[in-house]
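Worksheet: one structure, shown below.
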Amino acid sequence: VQLQASGGGLVQPGGSLRLSCTASGRTLSGYVMGWFRRAPGKAREFVSTLKWSGISTMYADSVKGRFTISRDNAKNTVDLQMNSLKPEDTAVYYCAAGRSYSAIPGDYDYWGQGTQVTVSS
């Protein structure tokens, strides 16, 4: 599975961005899809994940209520809608695919290349 993340950019505090992750090479059928991020000088951290069904979702406390994860299985894509962005959301965002419904990066088998999100005035 090859994952391609896109949609990052520069946005002012309080603004919104929508990240998208497109898979190629094989279907994402049965895979759990997650988003992680790495801020400068920090370890990669969990942001959100959802199951193949799209019904079960999980969010980091820091983004709960502001970010929404969704997927379109027919298009092999997963999106992350980010609202009310804060400077501390600045990071490189990665999408990932795995078999475990987990917030642990090591549980994911496939990773995209990352897309930069910068929140600054």
Side-chain angles (χ1 to χ4, degrees):
V1 177
Q2 289 81 46
L3 302 176
Q4 178 76 34
S6 61
L10 173 63
V11 63
Q12 293 186 342
S16 298
L17 280 175
R18 188 176 184 90
L19 305 184
S20 186
C21 178
T22 302
S24 61
R26 63 174 295 174
T27 178
L28 291 176
S29 175
Y31 279 95
V32 172
M33 296 299 299
W35 284 95
F36 294 78
R37 66 186 182 187
R38 175 173 282 166
K42 295 186 177 181
R44 182 165 44 187
E45 66 172 357
F46 168 74
V47 175
S48 182
T49 188
L50 81 167
K51 292 184 176 180
W52 162 249
S53 65
I55 296 176
S56 297
T57 58
M58 190 190 318
Y59 295 93
D61 288 343
S62 58
V63 307
K64 203 171 293 182
R66 299 188 297 121
F67 291 11
T68 302
I69 191 171
S70 61
R71 68 191 296 168
D72 186 330
N73 292 331
K75 296 181 179 179
N76 246 13
T77 60
V78 59
D79 291 349
L80 185 69
Q81 177 66 41
M82 306 186 296
N83 299 327
S84 302
L85 283 162
K86 305 175 181 180
E88 51 263 43
D89 294 318
T90 295
V92 177
Y93 283 71
Y94 301 88
C95 59
R99 293 295 188 179
S100 297
Y101 184 58
S102 169
I104 301 172
D107 287 339
Y108 290 77
D109 303 312
Y110 304 100
W111 291 83
Q113 87 291 354
T115 185
Q116 176 70 47
V117 171
T118 302
V119 184
S120 175
S121 55

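Remark: Phe67 CZ to Leu19 CG distance equals 8.0 Å, nearest 0.5 Å. Here the straight-line distance linking atom CD of Gln4 with atom OG1 of Thr77 works out to 13.0 Å at 0.5 Å rounding. One distance of note links CD of Gln113 with CD of Gln2; it measures 12.0 Å at 0.5 Å rounding. In this structure, Leu10 CG and Ser121 OG are separated by 9.5 Å, a value rounded to the nearest 0.5 Å. For the atom pair OG1 (Thr118) and CG (Leu85), the distance works out to 10.5 Å, reported to the nearest 0.5 Å. To the nearest 0.5 Å, atoms CG (Asp79) and OG1 (Thr22) are separated by 8.0 Å.
Under a 4.0 Å N-O distance rule, the pair Lys64/Asp61 qualifies as a salt bridge.
If you chain together hydrophobic residues whose side chains sit under 4.5 Å apart, Tyr108 and Tyr31 never meet in one group. Note on Tyr101: it does not cluster hydrophobically with Val63, by side-chain heavy-atom contacts below 4.5 Å among ILVMFWY residues. Residues Val32 and Met58 share a hydrophobic cluster, clusters being chains of Ile/Leu/Val/Met/Phe/Trp/Tyr side chains in contact below 4.5 Å. Transitive grouping of hydrophobic side chains (ILVMFWY, heavy atoms separated by less than 4.5 Å) brings Val117 and Tyr59 into a common cluster. Transitive grouping of hydrophobic side chains (ILVMFWY, heavy atoms separated by less than 4.5 Å) keeps Val92 and Val47 in distinct clusters.
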Do Ser48 and Met82 pass the side-chain contact (heavy atoms from CB on, under 4.5 Å) test, and can you show the C-alpha distance, the side-chain angles, and the key distance before you say yes or no?
CA-CA 11 Å; Ser48 182; Met82 306 186 296; over 6 Å; no
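Using cut-offs of 30° and 60° on the angle between ring planes, the pair Trp111 and Tyr94 is perpendicular.
Considering only residues two or more places apart in sequence or on other chains, Phe46 meets the ring-ring contact (aromatic ring centres under 6.0 Å, His included) condition with Phe36. Take Lys42 and apply the salt bridge (Lys or Arg N to Asp or Glu O under 4.0 Å) test, not counting sequence neighbours, and it matches no residue.
In summary, the side chains of Gln81 and Asn83 do present a donor paired with an acceptor at a separation below 3.5 Å, with no hydrogens or angles considered. In this model, no donor atom of one side chain and acceptor atom of the other lie less than 3.5 Å apart for Asp107 and Ser100.
For the pair Arg37/Ser62, a side-chain contact is recorded, criterion being any heavy-atom separation below 4.5 Å from C-beta on. Looking only at side-chain heavy atoms (C-beta outward), Thr115 and Ser6 stay at 4.5 Å or farther from each other. Two residues are said to be in side-chain contact when any heavy atoms from C-beta on lie closer than 4.5 Å; Asp89 and Arg66 meet this criterion.
The two residues Ser29 and Arg99 come nearest to each other via the heavy atoms O-NH1, 3.6 Å. Pairing each heavy atom of Arg44 with each of Pro105, the nearest pair is NE-CB, 4.0 Å. Heavy atoms only, all atoms of each residue included: Met33 and Ile69 are closest at O-CD1, 3.9 Å. Heavy-atom minimum distance, Leu3 versus Ala23: CD2-CB, 3.6 Å. Taking all atoms of both residues into account, the shortest heavy-atom contact from Gln116 to Ala91 is NE2-O, 3.4 Å. Looking at every heavy atom in both residues, Thr90 comes nearest to Ala39 through O-CB, 3.6 Å.
Under the 4.5 angstrom side-chain criterion for Ile, Leu, Val, Met, Phe, Trp and Tyr, Trp52 has no cluster partners at all.
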